[in-house]
Structures are given as structure tokens and as C-alpha cells.
Amino acid sequence: MIQVSDDIVLYPLSVDDIFKIFNTLNDEREYMREWLPFVDTTKEVEDTASFVNHVLVTADKQFTIYFQGQFVGLVGFKDTDSINKKVEIGYWLSQYAQGKGIMLHSVRKLIEYAFTEMDINRIQIKVAINNHKSRRIPEKLGFQSEGIERDGELLVDNVFTDIAIYSLLKKEYGG
């Protein structure tokens, strides 16, 4: 467990989270699918179970986000490269929990965790260029913009989007 603030707690992902994750994605399907292409292929609880079980056998640490005791999203590491000491942070948040600083504070805490507990040197965040809410996270946290990956992600309805790439190095981290 990682205590982010009085209201925000991150818990390591577990099989006990499958129904909460699926139900949130299912209830907010139309909203979530704009930037999260996996939502369209997450049709059954078993789809979420497959994702959770896959993550649990990788080096990638994922966390559920609880705000005032309620599940509101996921945040965590992906594509962990221990040899080169780099990782990517990915995240999504329920539309009903947005605008409260939950993700900003959660990602800030994971940055600290990556640099101090995981001995990571480089953290990357990739975001669709038109997903302005999501782009504000690395921008507010001092990440450097490295450029654009053209047609870097296939979104719903078979539409490609360019991806903004941000990074933060351990030597740039102020703590």
C-alpha cells in the first residue's frame, strides 16, 4: 500500500480487483474508449481477469487508486526494463474522479517510488497528443517533452493518433 494523501491510497493490483476494474470500465465505456483502445475489447469480466493475471506475472507493478475509500482507477509501471533502469508510467481515472488532483498526486508518488525503491533512472509517459487532461500530468510534474511518435497508437474505430513522449531522469528529480 502507498499512502498518497489523506484521501488517496494506492494498493498493489490483485485478483480481488477484477470486478471493480471491469465494472468501472463497463459503466463508463463510452467515455473511456476515446483514449483507451482496450476498452472496446474488454467485453466480459474474463477479459479484465486476463489482464490482471498477465500483469501479476510480469515485472510491471500496477496499483488500484482509491479516493475517499472508493475505487477510481489504475496507475502503474509498464514495459519495465531493469537492465537499462527505465520504465513507463500508464494511468486511467474514472470520469467522476477527475479534476481533483488524484492522478497528479498518484503519479508523483510513483515517480518517487521508481527512483528510490526500484532504482530506476528514466521514467517515460506516452500520451495521445489530443488527450490534454492526461498530458497535463507529465507537464506539471517536470517531465521533458521528447517529441511526437507519429501514428503511435491505434485508437477505437481504427483511427491512429500521434503520441507525445515525455521523460524524467533521476538526476532531474528534485524529490
Side-chain angles (χ1 to χ4, degrees), residues 1-5 7-26 28 32-33 35-39 41-42 45 47-98 100-128 131 133-143 152-153 163-170 173:
M1 177 190 81
I2 299 173
Q3 189 78 41
V4 176
S5 70
D7 290 331
I8 307 166
V9 182
L10 307 180
Y11 293 99
L13 183 67
S14 81
V15 293
D16 296 336
D17 301 314
I18 292 168
F19 284 100
K20 291 176 212 150
I21 294 167
F22 176 78
N23 289 335
T24 300
L25 291 173
N26 200 41
E28 300 181 35
M32 295 286 196
R33 73 186 292 269
W35 302 116
L36 303 174
F38 66 84
V39 172
T41 58
T42 305
V45 173
D47 299 323
T48 300
S50 293
F51 162 76
V52 170
N53 288 319
H54 170 74
V55 169
L56 293 177
V57 298
T58 69
D60 296 333
K61 296 178 188 334
Q62 294 278 324
F63 299 89
T64 54
I65 305 168
Y66 281 78
F67 178 70
Q68 297 178 346
Q70 297 290 321
F71 170 79
V72 295
L74 287 181
V75 64
F77 303 109
K78 57 186 266 188
D79 301 328
T80 302
D81 180 346
S82 301
I83 293 169
N84 293 301
K85 298 187 178 207
K86 62 183 181 177
V87 72
E88 183 176 335
I89 293 179
Y91 44 84
W92 62 261
L93 190 64
S94 165
Q95 70 184 106
Y96 303 107
Q98 294 182 9
K100 298 172 172 55
I102 296 168
M103 195 57 74
L104 182 71
H105 295 302
S106 296
V107 171
R108 180 181 286 128
K109 200 65 155 178
L110 282 194
I111 291 166
E112 176 186 324
Y113 182 88
F115 287 147
T116 61
E117 303 297 319
M118 296 171 60
D119 192 31
I120 292 294
N121 181 61
R122 172 191 164 85
I123 300 171
Q124 179 171 283
I125 295 177
K126 293 176 155 186
V127 183
N131 188 345
K133 288 180 185 177
S134 198
R135 286 184 73 173
R136 279 197 289 272
I137 303 296
E139 290 167 357
K140 285 184 176 182
L141 292 173
F143 280 63
E153 187 172 28
I163 300 292
I165 302 170
Y166 297 91
S167 70
L168 183 66
L169 304 178
K170 190 173 193 172
Y173 174 64

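Note that these values count all heavy atoms, side chains included, but never hydrogens, waters or copies made by symmetry. Computed from a predicted model, the values in this text were never measured in an experiment.
Side-chain contact between Lys133 and Asn131: present, with at least one pair of heavy atoms (C-beta onward) separated by less than 4.5 Å. In this structure, the side chains of Leu13 and Val52 come closer than 4.5 Å at one or more pairs of heavy atoms. Using a 4.5 Å heavy-atom cutoff, the side chains of Leu10 and Leu110 are in contact.
Residue Lys85 qualifies as open at atom NZ: its count of foreign heavy atoms under 6.0 Å is 12 or below. Counting non-hydrogen atoms of neighbouring residues, nucleotides and ligands closer than 6.0 angstrom, the CD atom of Gln70 reaches no more than 12 such neighbours. In Lys78, the NZ atom is not crowded: 12 or fewer heavy atoms of neighbouring residues, nucleotides or ligands sit closer than 6.0 Å.
Residues Ser134 and Tyr91 share a closest heavy-atom pair of O-OH, 2.9 Å. Of all heavy-atom pairs between Thr24 and Ser94, the closest is CG2-CB, 4.2 Å. Closest non-hydrogen pair, Ile125 versus Val127, comes out as CG2-CG2, 3.6 Å. Residue Asn121 comes nearest to Phe115 through the heavy atom pair O-CE2, 3.7 Å, listed as atom of the first residue, atom of the second, then distance. Closest of all the heavy-atom pairs between Arg135 and Ala128 is CD-O, 3.7 Å.
No donor-acceptor pair closer than 3.5 Å links the side chain of Tyr96 to the backbone N or O of Val72. The main-chain N or O of Lys86 is never found under 3.5 Å from a side-chain atom of Gln124 such that the two would form a donor-acceptor pair. Side chain of Asn53 to main chain of Ala49: a donor-acceptor pair is present (N/O by atom type, distance under 3.5 Å, no hydrogens or angles). A donor-acceptor pair under 3.5 Å is formed between the side chain of Asp60 and the backbone N or O of Asp79. Under a 3.5 Å cut-off, the side chain of Thr64 and the backbone N or O of Tyr11 do form a donor-acceptor pair. A donor-acceptor pair is defined here as one N or O able to donate and one able to accept, closer than 3.5 Å; no such pair exists between the side chain of Gln95 and the backbone of Glu28. Proximity of a side-chain donor or acceptor of Glu88 to a complementary backbone N or O of Thr80 within less than 3.5 Å is not detected.
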| field | Test side chain to side chain contact (heavy atoms under 4.5 Å, CB included) applied to Trp35 and Glu153, step by step | value | CA-CA 10 Å; Trp35 302 116; Glu153 187 172 28; over 6 Å; no
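The aromatic rings of Phe51 and Phe38 lie parallel to each other, their planes meeting at an angle below 30°, with 60° marking the opposite boundary. Using the six-membered ring where Trp is involved, Trp92 and Phe71 have ring planes that are perpendicular, over 60° apart on the 30 and 60° scheme.
Of the listed residues (Ile8, Leu74, Val9), just one forms a side-chain contact (heavy atoms from CB on, under 4.5 Å) with Ile65, and that residue is Ile8.
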